[in-house]
Every structure is written in C-alpha cells, then in structure tokens.
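Take a look at the structure set out below.
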Amino acid sequence: MRTSNFLLATQKETPADAEVISHQLMLRAGLIRKLASGLYTWLPLGLRVLRRVETIVREEMDRSGAQEVSMPVVQPAELWQESGRWEQYGPELLRIQDRHQRDFCLGPTHEEVITDLVRNEVKSYKQLPINLYQIQTKVRDEIRPRFGIMRSREFLMKDAYSFHIDQASLEETYELMHRTYSNIFTRLGLEFRPVIADTGSIGGSGSHEFHVLANSGEDAIAFSDSSDYAANIEMAEALAPSGERPAPAAELAEVATPGVKSIEELANFLGVNPASTVKTLVVAADNDSGLVALVLRGDHQLNAIKAEKLEGIASPLQMADEETVRRACGAGFGSLGPVGIAIPVIVDRAAAHLADFTCGANREETHLTGANWDRDCPLPRVEDLREVIEGDPSPDGTGRLQIKRGIEVGHIFQLGTKYSEAMEARVLDENGKNITVTMGCYGIGVSRIVAAAIEQNHDDRGIIWPASMAPFELAILPLNMQKSEAVASCAEDLYQRLQEAGLDVLMDDRNERPGVKFADMELIGIPHRIVIGDRALAEGNIEYKGRRDDDSRLVPMGDIVEFLREQLRP
RNA sequence: CGGGGCGUAGCGCAGUCUGGUAGCGCACCACACUGGGGGUGUGGUGGUCGUAGGUUCAAAUCCUGCCGUCCCGACCA
C-alpha cells in the first residue's frame, strides 16, 4: 500500500473530548472517528488492526474445534420473553419495533438465539458436545459510553456457546476454552492474566475473566507475586492471620472522644495505629427489619460482594441509616463497637485476631480502649468480610498479593441450565430419556482488545503495535523522493521486492518533509521501518529501525530483503 | 437519573462579562523557496456562531425552552 492511495487520517492535535490515551491515539492515528456518543466508524487503518485481531481469534477458535456461525443482530422479542430477560435486562437492551409494530431488540448477546437454534437442530446426546461461535457486532445501550471504543454502544465481540450432556463435559470444554483464550492473548502479544471472577447474577459454578494489565483499567485485580493465582478483587479471599490471638494485656477503659467520627480522627486523637482499632458498620439483615453489625479492622475496607453473599445479610447490601442505628445501638455511626451491642455481630477474620483493640462504646462520643474478645464480649461469628490489600498472603498459600488494574477483554462462564431450562433445550440420552442440556458461554471483546493493546503499548510518539496486530508490518520512508531519482527508483524497487517476499508494506510516497513522515509512521505504530535517503544510499546502505529501538542501523542494500525477512519473521 | 462543564470552519481555541461588519493556530488548495524530525513566505477555500423562540434599531454576545456532547456519581455487565 502507498500512503498516496491510503486514507491516512492522522491529526496533530489531541481531540478535546478524549480522556484515556488509547482513545486519544485511536483518533489521532486515524483508526476511528466518532459518529455519535458511543458509536464509531472504523477507518481503513483501524479496520486492518481489527481484522488482524479477529483473524487470530477465529484461527484459535477453529483450532479448538468450535464452529463458526453468524446470527442476526435483530432478534425477536418472543425469545427474550421466553428466557425472562425481556423484563430483566432493563434499558440497556435496545428495543425496536418493525413496521407491523412487532417487538424486536438489537442483540447485546446471543444466548437466546443460539439456544433456540440448538434446541431445534440438536436432538441426541450423540451430537454433543458442540461449541458454536460468531464474531459479530453487539449493541448495548450503555448508560454512559466512555473511553472511545473501550465502552461503546456498538462493539465487535466473539461469543461462543457450548452445549453438553453433563457437567463433566462442560468442564472439559471450559478448560479447553481457558487454554484457547490464553493462546489467543499470548499470540496477540499482550500481557494478560486469567482471573477468578464473580459469577454475578448469571450464577453458575465457574467463571474466569481475562484481563489485559493497564493502569487505566476499570477493574482492580489481585494476583500472587509467585504463583498463577489471580482474582477479581471482589473475589480474592483474605486469609485469617496465622497463629494464636495474643492474650489480653490491657485493661478495658472508657475514654471520651468528643467530635471523633472517623478511624483516622480516632487514631490521631488517641495516638494509636488504625490497625489496632476496629470499625463497626451496620447493614440490613435478610429478614424484614433486622440489622447486623459488621466489624472490621480500622485500616481495612468492607468488601460488599463478600458481605452480601453471607447468610443473614440482605442482598444487595444495604447500609442502615444513622437514625435507625441510633435507635438500635444507642449511638451514631462514629461511636459503635462490638462490646455490649444489641444486634447480631459478624466480625472479619483479621479483626477477630486483635487483642487490646480500640472501638466505639455504643455511647455518643465515647470509645473503649484495651478491648478483648471473649473477655469483654463474646467472640461473634467470624467471616471473610474485607477487601484484600497489597501484601496480603495469597489465598492459594503461595506468595503475597499484588494489586493492579486490568481491562476485561475476555470472560468465560459455566452457565449451567439457566437458558436451556427456560427455553426447554433438551436432548435424548443413551437411555432415551430427555435431558436438559448444560451450557457454557465464552466472550472476547474484539474491538476492546484494540484499545487495550494501545493502553499497554504506546510511548509519547504514538502507538507501538505488537507484531501480531499491526496494520502494516513495515514502513518504507523514501526521503525527498520527488527530487532524488536514486531514492525514488530504489524505493520503488524495494517496495516491489518486499511485497513479493510476502511482507505487508506501507510505502510513504507522499511529497512530505522527512519529519512529517517520521512522525506519522511512529504515531500509527508500524513496528518496523526502513529509511531510504541520498545520504546512506551513496554508501549503498539502507537504514532500519524498529519502533521500540533507540537508534537506526545501516544495512547493505544487497542484504536488506533477507535482513527484513529475518527481523519480521523470526 | 442526579451534579458539573462545553457547543463559534475538519481539529484545537479566542471573542460572550460590557450587544455594533466572524477571528487566531493547525489542517486543506495554489505557487515559490526548502528538503534527515510536524520548515518558510505569498495568495486562497471553508462558519445560517447547536437549535427554536423572545428582548433590541441591531444578538455569537442578553433572556427562555429544547437538543447534542464530555466529566463525576448512581445504575448495569
């Protein structure tokens, strides 16, 4: 391809409404253009990248034995009513009517359609397991689209659905997909982690998210510094401290703490470490009117997801309001504590391990010091309530936890029978008995990968594409070719020969000054470039530079094709 | 849905307070110079100032409604 024939839509200035670096660079490099909020046109350069990602995903899915299908974006309401999601899904489901006023939606996902297909086509256990996938545009009417292509209303997704006669078969395919995803992200050249995820409202027994590590990621993930363990931070278990709880050493004492509300104020006021205090939060119980007190170490944060999963606690988690608390406990938010409290208490593992701690006295503006479990109040029910923090021991027993941010680019689920049950997808087993099929689903955000790759691979000059997804492998920059016959003929000759050698080449034959060409090719992130200029050419040399290299090097004209072949296809 | 910001040329912005002929930089076109890191000069193209209404002799500017868009939050996956 020649730049003179290519829509190279680069921009010098950063668009004002782009917040994250990938969004800025995608606009500046001319990969995408916004049509409306959350809706983007892919320009030729961007589409090349998208297609390369898609190709790798397709190849690896095919290799796993999955079969590609293509389902409609427009889906009839009846299917969604059958699964119950027409009501459940909410306004994110973009609904439309056709000319006969029949209800349809634009598919945010395709469980209903695929389940309908399989219940009609698959009748026998002999046809299972089967794994069907597509790479297709999804529509979600996001409340707030943001970060460009990262969270848009229309996006390209690979979604696969597997069907099984039993759980064992599902788990087999689930493991296969786990490996396939790892292969895909490895081939794409991205730094990623499979993390244990919350199964959320979908339920089911197993779920992993695949995250590309990047500072701008929307999710926090915790992983061990010396094993494979990684989990969404909501899911990471906080282990109980090891060893015995220290014996009480201090006397229980009451202190007046006027105006002290937060743990920070308490620690300053009494000159104690927040880690030797406890905080007490009050939430709604799972019966109508009850309350439950949750006790955590002062320096720890409550993990709402863990809490609401516990028996006895309302889900979703509901914090009690201060008036209710005051009536039930005798004091407001800043002065609560486990000693003598009138409502059921659940204590976090770490807080349960404290001795001589400081806590609220359940009397306004009063705290207790030197409090101890079993002596001053019974040790209540102990559970894992807190958010893990960096340095905590890894739940798998190996190493310590680090916390980084990640961008979710893949998600695999063991769905179970949620959809097959509702939509009556059954097959006959070997005994001629009807069995409801068990399902798995496996998604990859293809367009989001493009943004995630940029978040992870860029510098102040622009994008640095991993070789696997670059729009072109090599840029040829002939300098002053409109004036120099030697440069022009050498460039044309090399352009021919490199194409014949099977390389995907972009030749910048525009009548632009060198600085413009350098800047553009760096901005759009072509991994390799050669410069053809009178200076080096006089010595019979071509200049080569990798996008990440600091300096260029000279390669004799006669060796250049072979040299490039080695550089690009090691 | 709540709070906040912004809508003036393709992009980035000034002008709005204090009403009086629509402006700058980049980009684009032409020509000349220049030719190894977004170069220089000259001349040009391009805007019903988001939209509807109101006030006024006169509105980008003042008033009201609406729309769009971005950020924060809530919500959701």
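On a predicted model such as this, the values are computed, not experimentally measured, just so you know. Below, read A as the first sequence line, B as the second, and so on, with proteins coming before strands; counting in each chain starts at 1. Worth knowing before you read on, the calculation uses all heavy atoms, side chains too, and leaves out hydrogens, waters and symmetry mates.
If you check every strand for non-hydrogen atoms under 4.0 Å, A:Q482 touches nothing. Residue A:G533 is in base contact, counting any heavy-atom pair closer than 4.0 Å across all strands shown. Residue A:R529 is classed as a base contact, given a heavy-atom separation below 4.0 Å to a base. Among the atoms of the strands shown, only primed sugar atoms or phosphate atoms (P, OP1, OP2) are found under 4.0 Å from some heavy atom of A:T14. Residue contacts shown for A:N511 include a base, since a base heavy atom lies under 4.0 Å away.
Comparing B:G12, B:G36, B:G37 against the side chain of A:P15 picks out B:G12 as the nearest. Side-chain proximity of A:Q11 to the nucleotides B:C11, B:G36, B:G37 is greatest for B:C11. Of the listed nucleotides (B:C1, B:G36, B:U34), B:U34 has the atom at the smallest distance from the side chain of A:K483.
With a cut-off of 3.5 Å on both pairing distances, the Watson-Crick or G-U wobble partner of B:G12 is B:C24. Base pairing annotation: B:C62 forms a Watson-Crick or G-U wobble pair with B:G54, both donor-acceptor distances under 3.5 Å. Remark: B:G2 base-pairs with B:C72; criterion is Watson-Crick or G-U wobble with both hydrogen-bond distances under 3.5 Å. Searching all strands for a Watson-Crick or G-U wobble partner of B:A77 with both distances below 3.5 Å returns nothing. Within the shown strands, B:C67 is the pairing partner of B:G7 under the Watson-Crick or G-U definition, both distances less than 3.5 Å. The partner of B:G43 is B:C29, by the rule that a Watson-Crick or G-U pair needs both atom distances under 3.5 Å. Across all strands shown, nothing is found opposite B:G38 as a Watson-Crick or G-U wobble partner with both distances under 3.5 Å.
Comparing A:G515 and A:E92 along RNA chain B, the residue whose closest nucleotide (by nearest heavy atom) sits nearer the 5' end is A:G515.
One C1' atom belongs to B:C28, the other to B:G20, and the distance between them is 33 Å to the nearest Å. For the C1' atoms, the distance linking B:A14 with B:A22 amounts to 12 Å, nearest Å. One P atom belongs to B:G19, the other to B:C62, and the distance between them is 9 Å to the nearest Å. Atom P of B:G36 sits at a distance of 23 Å from the matching atom of B:U42, rounded to the whole Å. Annotation: B:U8 and B:U16 have their C1' atoms spaced 11 Å apart (nearest Å). Of the P atoms belonging to B:U40 and B:G65, the separation is 48 Å, rounded to the nearest Å. Taking atom C1' on both B:C6 and B:U18, the two are 23 Å apart, rounded to the nearest angstrom. For the P atoms, the distance linking B:A52 with B:G68 amounts to 16 Å, nearest Å.
Below the 3.5 angstrom threshold, one finds a donor paired with an acceptor across the side chain of A:E522 and the base of B:G37. Interface remark: the A:D534 side chain does not form any donor-acceptor pair with the B:G36 base, using a distance-only criterion of under 3.5 Å. Judged by distance alone, with hydrogens and angles left aside, A:E543 brings a side-chain donor or acceptor within reach of the base of B:G36, the pair sitting under 3.5 Å. With hydrogens and angles ignored, a donor-acceptor pair closer than 3.5 Å exists between the side chain of A:E13 and the base of B:G25.
Remark: the backbone N or O of A:A160 is not paired with any side-chain donor or acceptor of A:Q134 at under 3.5 angstrom.
Pairs of residues two or more places apart, or lying in two chains, that qualify as side-chain hydrogen bond (donor to acceptor under 3.5 Å, both in side chains) and include a residue from residues 530-541 of chain A are A:S484-A:D534. Pairs passing the ring-ring contact (aromatic ring centres under 6.0 Å, His included) check and including a residue from residues 5-44 of chain A, sequence neighbours excluded, read A:F6-A:F472, A:H23-A:Y40.
Relative ring orientation between A:Y181 and A:F185 is described as perpendicular, the plane-to-plane angle rising above 60° on a 0-90° scale split at 30° and 60°.
A:Y544 does not carry A:R553 over the face of its six-membered ring by the limits of under 6.0 Å from the centre and within 45° of the normal.
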Determine whether A:V450 and A:W465 satisfy the following criterion, side chain to side chain contact (heavy atoms under 4.5 Å, CB included), listing intermediate values before the conclusion. CA-CA 9 Å; A:V450 176; A:W465 291 114; 3.8 Å; yes
Can you give one letter per nucleotide of nucleotides 66-71 of chain B, going 5' to 3': B for a protein heavy atom under 4.0 Å from the base, S for sugar-phosphate only, - for none? ---SSS
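Salt bridge status for A:D219 with A:R405: absent, with no side-chain N to carboxylate O gap under 4.0 Å. Between A:R547 and A:E522 there is no salt bridge, since no side-chain nitrogen of the basic residue lies less than 4.0 Å from a carboxylate oxygen of the acidic one.
Side-chain atoms of A:R85 and A:Y419 form a donor-acceptor pair, as typed in the model, at a separation below 3.5 Å.
Here A:K12 reaches the OP1 or OP2 of B:A27: one of its side-chain N or O atoms lies under 4.0 Å away.
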